[in-house]
Amino acid sequence: MMIVLYFLGAIIIALLVSYFVLPKALYDLMTALLRLRGGMRQKSVKVGDDLWPYLEGGRGNGVPVVLLHGFGGDKDNWSVYAPHITKHHRLIAPDLPGFGENDRSLNRDYDIASQVHRLSAFLDAMNIPKCHIGGNSMGGFIALQFAMEYADKVSSLTLFNNAGVVGDDKSELAVAAEKGENSLALSNVSDVDRLMAFVSYKPVPMPKNFKKIFFAEADAHREVLDKIFWQIAGAGINHPLNDRLGEVTAPSLIIWGRHDRLIDVSCVAVLDEGIPNSEAVIFEETGHIPMIEKPKETAAAHRAFLAKH
């Protein structure tokens, strides 16, 4: 017993030292452990002139599930979700251009149409002729338009609080964007708490040193993030896909958090009525990122849908 207590004490001390002295190393370790829990491994593939990093795990047989992160996110947005999917499906989560470890050059466009075509090239480079595509927020916007333009590559579509359509009610983000304000921009470290409370219904407290890492990452890419935000917001406000929803031929699942402040839940009715073969699930006490806020429940609905298609 004393030996066990000794080693537990040593581990606790090591973690405390890491947090205060090497917080980035501890942050990376926790990320690695999350990936390990979901059976996800980091890989990369050359797509044109770009090297696309991605996470992959799960069963190798069958049609893969490809999931796209939202604005300001990266491939690890799906690491909490992965353990509930990889036991049943092959899961692939890439860093989209402009985010994570992918190319983040300022001198290129990151509009939805460009990202859709890049996604098609990524799937070709991965030798994936067909997939179950899904995405959250911006990633859902890309997945939705991809399902319209590359229908032959889509077995099913899953939308997690996706951008790209306009509902009857405006969200807080939409109202601010119409005034020329970017509600997702960070001005300082303390702003991280505001952002976390904005995107999730019950935000999980983040240690101060981890907030500094989160802010530093966003601040280092401030210009390109601002450019991408306004390209996406402009498309969502001026050219929503409402009138094109009938072009989606793949069976579709719409997943939403009732208390989303970024994209209003009234979009669910628009999507469900507009997409011919669709079904919808709305989670209570959930915000913009259901796959992180309620991963088990969200994945259960997702797996049941995939089992049918």
Side-chain angles (χ1 to χ4, degrees), residues 38-40 55-70 77-94 119 123 128-148 150-165 167 241 244-258 260 263 265-309:
M40 301 290 278
L55 297 178
E56 181 176 10
R59 289 171 27 184
N61 299 325
V63 179
V65 176
V66 177
L67 298 178
L68 311 176
H69 62 79
N77 278 35
W78 300 101
S79 291
V80 174
Y81 192 65
H84 307 287
I85 298 295
T86 51
K87 293 177 183 177
H88 309 273
H89 301 277
R90 177 187 175 200
L91 175 60
I92 296 167
L119 174 61
L123 294 176
I128 298 174
K130 205 161 189 173
C131 69
H132 296 287
I133 193 76
N136 171 240
S137 194
M138 174 199 73
F141 195 164
I142 294 169
L144 177 58
Q145 191 159 321
F146 183 86
M148 295 173 179
Y150 294 94
D152 59 323
K153 293 187 175 185
V154 178
S155 292
S156 75
L157 170 66
T158 303
L159 301 169
F160 303 78
N161 296 56
N162 64 285
V165 294
L241 299 175
R244 294 187 57 191
L245 294 176
E247 297 176 30
V248 178
T249 58
S252 303
L253 173 64
I254 303 148
I255 295 176
W256 221 272
R258 174 77 68 187
D260 190 348
I263 307 174
V265 69
S266 60
C267 291
V268 173
V270 172
L271 290 161
D272 201 20
E273 292 170 11
I275 298 174
N277 184 12
S278 64
E279 56 187 273
V281 179
I282 297 175
F283 290 106
E284 302 296 332
E285 298 186 346
T286 307
H288 187 62
I289 45 176
M291 72 286 186
I292 295 175
E293 295 176 78
K294 291 189 175 178
K296 185 177 179 180
E297 297 90 335
T298 303
H302 194 187
R303 288 198 314 269
F305 169 75
L306 291 172
K308 294 187 289 187
H309 305 287

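Because the structure is a prediction, the values reported are computed rather than measured.
Scored by the ring-ring contact (aromatic ring centres under 6.0 Å, His included) test, His69 finds Phe99 as partners (sequence neighbours excluded).
In this structure, CZ on Arg303 lies 8.0 Å from NE2 on His89, to the nearest 0.5 angstrom. Taking CD of Gln145 as the reference point, atom CG of Asn162 lies at 11.5 Å (rounded to 0.5 Å). Rounding to the nearest 0.5 Å places CE of Met40 at 8.5 Å from CD1 of Ile92.
For the salt bridge (charged side-chain N to carboxylate O under 4.0 Å, His left out) condition, the pairs that include at least one residue of residues 78-90, sequence neighbours left out, are Glu56-Arg90.
The aromatic rings of Phe305 and His309 lie tilted to each other, with the angle between the two planes from 30° to 60°.
A donor-acceptor pair is defined here as one N or O able to donate and one able to accept, closer than 3.5 Å; such a pair exists between the side chain of Arg59 and the backbone of His88. Of the possible donor and acceptor atoms, one in the side chain of Thr298 sits under 3.5 Å from a partner among the backbone N and O of Pro290. For the pair Trp256 (side chain) and Cys267 (backbone), a donor-acceptor distance under 3.5 Å is absent. With hydrogens and angles disregarded, no donor-acceptor distance shorter than 3.5 Å links the side chain of Lys153 to the backbone of Ile128.
The two residues Asn161 and Gly287 come nearest to each other via the heavy atoms ND2-O, 3.1 Å. When all heavy atoms are compared, the tightest approach of Glu279 to Lys308 is OE2-NZ, 3.0 Å. Between Met138 and Ala163, the closest heavy-atom pair is N-CB, 4.4 Å. Of all the heavy atoms in Gly167 and Val270, the pair that sits closest is CA-CG2, 4.0 Å. Summarising the geometry of Asp272 relative to Ser278, their closest heavy-atom pair is OD1-OG, 2.7 Å, with the distance given to 0.1 Å. Listed here is the closest heavy atom pair of Ser137 and Gly70: CB-CA, 4.1 Å.
Counting heavy atoms from C-beta on, the side chains of Leu68 and Pro94 come closer than 4.5 Å. Residues Leu271 and Leu245 have side chains in contact (heavy-atom distance under 4.5 Å, counting atoms from C-beta outward). Leu241 places a side-chain heavy atom less than 4.5 Å from the side chain of Phe141. Taking the side chain as every heavy atom from C-beta outward, Ile292 and Asn136 never approach each other to under 4.5 Å. Between Leu253 and Ser156, the closest side-chain pair of non-hydrogen atoms is not below 4.5 Å.
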**Message:** side chain to side chain contact (heavy atoms under 4.5 Å, CB included) for Leu144 and Val248? Distances and angles first, verdict last.
**Reply:** CA-CA 8 Å; Leu144 177 58; Val248 178; 3.8 Å; yes
**Request:** Carefully, step by step, assess Val265 and Asp260 under the rule side chain to side chain contact (heavy atoms under 4.5 Å, CB included).
**Result:** CA-CA 7 Å; Val265 69; Asp260 190 348; 5.8 Å; no
**Asked** Given the rule in the side chain to side chain contact (heavy atoms under 4.5 Å, CB included) test, do Tyr150 and Leu123 qualify, once you have shown the distances and angles that lead to the verdict?
**Response** CA-CA 11 Å; Tyr150 294 94; Leu123 294 176; over 6 Å; no
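For the residue pair His132 and Thr158, no side-chain donor N or O sits within less than 3.5 Å of a side-chain acceptor on the partner.
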In a table with atom names and distances, give each donor-acceptor pair under 3.5 Å that connects a side chain of residues 77-85 to protein atoms at least two apart or in another chain.
residue	atom	partner	partner atom	Å
Asn77	OD1	Asp74	N	3.3
Ser79	OG	Asp76	OD1	2.7
Tyr81	OH	His302	ND1	2.9

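Under a cut-off of 6.0 angstrom, the local environment of NZ in Lys296 is sparse, with at most 12 non-hydrogen atoms contributed by other residues, nucleotides or ligands.
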